[in-house]
Every structure is written in structure tokens, then in C-alpha cells.
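Note sheet for the following structure.
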There are 2 protein chains.
Amino acid sequence: MRAEALKGHLDGLLLATLEDGPQHGYAVKEALRDATGGRLDLPTGTVYPALHRLERAGLIKGDWSVVGGRRRRTYELTEQGRRSLAGARDHWQEFAAVISAALGGGLWPATN
Amino acid sequence: MRAEALKGHLDGLLLATLEDGPQHGYAVKEALRDATGGRLDLPTGTVYPALHRLERAGLIKGDWSVVGGRRRRTYELTEQGRRSLAGARDHWQEFAAVISAALGGGLWPATN
DNA sequence: TCCAATACGTAGGGTTGCTACCTATAGCGA
DNA sequence: TCGCTATAGGTAGCAACCCTACGTATTGGA
């Protein structure tokens, strides 16, 4: 996975991993890796700042806790975050359709 | 179309529009707009610098000419550019699959 | 004792597309 | 003639954002 391709799509991915319940940052990173068969293994320097950004934007809400002697910041979606996730999915569908149409050479959007 | 979403995918789109024959910059911009039903209408400040970048990278080759009193720079794919386009298509397929898997909520890749 | 895994973080940089602006010609309508 | 639009090219500077490279700390196994 070329890295820079992710630009502008990361936020939706992070929100999606929080959809099924609260997670702490490190778990989000692992969930994303597992959901993609290891093909999307983000560095922590990408994940943590992005989560901070989402929290500042009011899309997620974090709380500190301590588990097994390690401090954790557990995040959950806000109502606004849930709406944003839905928007991100819509946007992705359109974006993918547009790129596929223009890039050509592919079977897209799977015409039948 | 959110703007930053395009990051890292523009080069492939430009190469794809040159696949069926040489085009000048302005025509590339219009071809892209038409191929996407107007949904991808790039500003010239995006297209021209990107073409310069591709030429510097050796993926396309440009030549000046004058048509109807207007100077044109006509670009065509190099052999390297053709390979790069193929790579961009492969990369896009994988990228789209990964994002779709992680983003969820969607019918992807259009299972039937 | 040392290292990996877990868990969090920041500083700085590089890439890249966009905004805003500029030049110039052809052609049309007022 | 004047002004506007379409065509055709260009640049400077900015902002977003993800990555690299670090740093801290704890737990637990080799």
C-alpha cells in the first residue's frame, strides 16, 4: 500500500473501527490491520495524531483509564462522528466510482 | 468531490487520459471532466503542474506546437509512463479493496 | 538481563493539490 | 471598438496530512 494514497480517507477508516464500540488507539491500529489482512498497517505516528484531530473536531470522545498497569485512552464515536462516518461512506462510493471511471482499464463498477 | 481525497491518485488519471493518444494539457483537463460526467473538473493550477511533474519523471513527453494561433504543448506517454499506468491501475484496485474492506457499510466490490 | 509487545506521544519534513493570480489569442455580441 | 468567453499556457504560496524518527513507560517472556 503506497502510503500517500490514503490522504483524505484515513478519518473515515478510524471512525469505522469505532462504530462497533469504544476502542483505544492501539487497538484501533490493530483492528485496521486485521480488517485488511495486514495490508493497512499504519504507523503510530499516523494513528495517534489522527485520533487527536478527530477528537478536536468533535467526532470522537476520549477517556483515560488504566488497564494492566498501562494507561489507555479509549475513544467512542459521538453523534456527530456517526453522521460523519455515514458521509465518509457516501463520499467514498462516489470517489471510487469517479476514479474508476477516469482510470479505466478496470471492471468498474462491476457492470454485471 | 472533496479535494484532498485525490492525493496520490491524480498521476494515474492523467496518464490514463493520454493512453489513447497524445493530448495537450487543456484537452486532458476536459477529457477528465467529460469522462466523469463533470464530477472531476480540475483547476488548471492542478493540471499543469502535475503534467510538468510527470514529464520531469519521464512518464510523459511533451512537444510544443502552434494550432490556430495558440501555442500548445502536446504530451504523449513514454514506455515508462505506460508501465506506470498499469501499476497505477493495479494499485488502485488494491487500494479500493482495502479501503472498502476497512470502511465497511458498503457492497463491495459489488458482489453481483 | 535484555528484548518484544503494548500503549502513548511529539517534532519536523515532504508531497501534493488548490487558490489566486498572470499572459495571450480567437471569436462573438453589443 | 469594447468587453466577454473560451482556449491555452503558466507560477507563487499555502494548507492539509501522513510519515519518519524519535521519546517515555510498563509488562512479561527468553
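Since the structure is predicted, the reported quantities are computational estimates derived from the model, not experimental observations. Letters go in sequence order (proteins before strands), and every chain restarts at 1. Side-chain atoms are counted along with the backbone in the values below, which use heavy atoms only and exclude waters and symmetry mates.
- Summarising the geometry, the separation between CG on L40(A) and P on dC18(D) is reported as 11 Å, rounded to the nearest angstrom.
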What side-chain donor-acceptor pairs closer than 3.5 Å can you find for residues 20-31 of chain A, not counting sequence neighbours?
from, atom 1, to, atom 2, distance (Å)
K29(A), NZ, D41(A), OD1, 3.1
K29(A), NZ, L42(A), O, 2.9

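- With rounding to whole Å, D11(B) atom CG is found 11 Å from dT15(C) atom C1'.
- One interatomic measurement links the two molecules: CG of L51(B) to P of dG10(D), which rounds to 8 Å at whole-angstrom precision.
- Straight-line distance from the OH atom of Y75(A) to the C1' atom of dA7(C): 11 Å, rounded to whole Å.
- Among pairs with a residue in residues 64-78 of chain B, those fulfilling side chain to side chain donor-acceptor pair (under 3.5 Å) read E55(B)-R73(B), at least two apart in sequence or across chains.
- G69(B) comes within 4.0 angstrom of sugar-phosphate atoms only, judged by non-hydrogen atoms across all strands, and of no base.
- Here the P atom of nucleotide dA16(D) and the CG atom of L6(A) are 18 Å apart, to the nearest Å.
- Grouped by direct or indirect side-chain proximity (heavy atoms under 4.5 Å, Ile/Leu/Val/Met/Phe/Trp/Tyr only), V67(A) sits alone.
- Between dT10(C) and H52(A), a contact under 4.0 Å exists linking OP1 or OP2 to a side-chain N or O.
- The side chain to side chain contact (heavy atoms under 4.5 Å, CB included) search around A35(A) returns none, not counting sequence neighbours.
- Under the rule for a side chain to side chain contact (heavy atoms under 4.5 Å, CB included), the partners of A50(B) that lie at least two apart in sequence or sit in another chain are L10(B), L14(B), R53(B).
- For A88(B), there are no side chain to side chain contact (heavy atoms under 4.5 Å, CB included) partners, not counting sequence neighbours.
- For the side-chain hydrogen bond (donor to acceptor under 3.5 Å, both in side chains) test, no residue two or more places apart in sequence or in another chain qualifies with D90(A).
- Checking the phosphate oxygens (OP1, OP2) of dG9(D), no side-chain nitrogen or oxygen of R71(B) falls inside 4.0 Å.
- Here the P atom of nucleotide dT6(C) and the CZ atom of R72(A) are 11 Å apart, to the nearest Å.
- Near DNA chain D, defined here as any heavy-atom distance below 4.0 Å, there are no residues from residues 54-64 of chain A.
- Atom P of nucleotide dG17(C) and atom CG of D41(B) are separated by 16 Å, given to the nearest angstrom.
- In this structure, V66(A) stands alone, with no Ile, Leu, Val, Met, Phe, Trp or Tyr side-chain heavy atom under 4.5 Å from its own, directly or through other members.
- By the 30° and 60° cut-offs, the orientation of the rings of F95(B) relative to H9(B) is tilted.
- Using a distance-only test at 3.5 Å, with no hydrogens or angles considered, no donor-acceptor pair links the side chain of S100(B) to the main chain of A97(B).
- In this entry the distance linking CG of L42(A) with P of dC18(D) reads 9 Å, nearest Å.
- Using a 4.0 Å cutoff on non-hydrogen atoms, no part of residues 15-38 of chain A comes near DNA chain D.
- When each of V47(B) and T44(B) is assigned the nucleotide of DNA chain C bearing its nearest heavy atom, the one mapping closer to the 5' terminus is V47(B).
- For E19(A), the side chain to side chain contact (heavy atoms under 4.5 Å, CB included) test picks out L77(A), R82(A), L85(A), R89(A), with sequence neighbours left out.
- Residues L6(A) and I99(B) form a side-chain contact, since some pair of their non-hydrogen atoms from C-beta on lies under 4.5 Å apart.
- Among the nucleotides dG9(C), dT11(D), dC18(D), the one closest to the side chain of Y48(A) is dG9(C).
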N/O contacts under 3.5 Å, protein versus nucleotides 28-30 of chain D?
none

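- At a cut-off of 3.5 angstrom, the base of dC17(D) holds at least one donor-acceptor pair with the side chain of K7(A).
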